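Beneath this line is the structure, given in structure tokens, with notes to follow.
It should be emphasised that the depicted structure is a prediction, and the values quoted were computed from it without experimental measurement. Residue numbers start at 1 and run along the sequence shown.
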Amino acid sequence: MVISSIDLKDGSVVQLKNGKDLVLKRDDADALINDFNRFGEVAVIDLDAAMGKVDEKGNSPNTKLLRSLLREGNVRVGGGIRTVKKA
């Protein structure tokens with residue numbers, strides 16, 4: 001089974017090599033998730049939240065985008081979810 005994945009960093013879709021080197025950056029997350037939805041569940045990872053880059057409310061630079069993607073399809077979220085309330 002292959003699960004499509006979207007990684008978010010600083011409000012954009014990214015692909016990182018070795019977890020740090022930027023290989024790809026896109027600003028069309030809505031179009032991307034619509035394409036991926038055709039294949040089933042989409043994993044969306046908030047890299048900033050995973051690395052602890054959050055404000056006092058637990059929001060990262062990707063929170064707004066992530067909420068938008070949750071409305072677009074069957075999404076599995078990961079990265080920085082450390083409490084039941086956040087989940």
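Taking the side chain to side chain donor-acceptor pair (under 3.5 Å) definition, one finds that Asp35 meets it with nothing, sequence neighbours left out.
Both Val13 and Val44 are part of a single hydrophobic cluster, where members link through side-chain heavy atoms under 4.5 Å apart.
With a 4.5 Å cut-off on side-chain heavy atoms, Arg26 and Leu32 count as touching. The closest side-chain heavy-atom distance from Glu41 to Val75 is not below 4.5 Å. The side-chain heavy atoms of Leu70 and Val77, taken from C-beta on, include a pair separated by under 4.5 Å. A heavy-atom distance below 4.5 Å is not found between the side chains of Leu16 and Asp7.
With rounding to the nearest 0.5 angstrom, the OG atom of Ser12 is 9.5 Å from the CG atom of Asp28. Rounding to the nearest 0.5 Å places CG of Leu22 at 9.0 Å from CD of Gln15. To the nearest 0.5 Å, atoms CD1 (Ile3) and CZ (Arg76) are separated by 4.0 Å. One finds the NZ atom of Lys9 at 9.5 Å from the NZ atom of Lys25 (value rounded to the nearest 0.5 Å). Between the CD1 atom in Ile45 and the CD1 atom in Ile6 there is a gap of 10.0 Å [rounded to 0.5 Å].
Listed for the Asn37 side chain is no donor-acceptor partner under 3.5 Å among the backbone atoms of Val42.
In this structure, Ser5 and Phe36 approach most closely via the heavy-atom pair O-CE1, 3.6 Å.
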Acceptor/donor pairs from residues 60-68 side chains to any protein atom, 3.5 angstrom cut, sequence neighbours excluded:
| from | atom 1 | to | atom 2 | distance (Å) |
| --- | --- | --- | --- | --- |
| Ser60 | OG | Asp46 | OD1 | 3.3 |
| Ser60 | OG | Asp46 | OD2 | 2.6 |
| Ser60 | OG | Asn62 | N | 3.0 |
| Asn62 | OD1 | Asp10 | N | 3.4 |
| Asn62 | OD1 | Gly11 | N | 2.6 |
| Asn62 | ND2 | Leu8 | O | 3.4 |
| Asn62 | ND2 | Asp46 | OD1 | 2.7 |
| Asn62 | ND2 | Asp48 | OD2 | 2.9 |
| Thr63 | OG1 | Ser60 | N | 2.8 |
| Thr63 | OG1 | Ser60 | O | 3.2 |
| Ser68 | OG | Asp30 | OD1 | 3.4 |

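Salt bridge annotation for Lys57-Asp55: absent, with no cationic side-chain nitrogen under 4.0 angstrom from a carboxylate oxygen.
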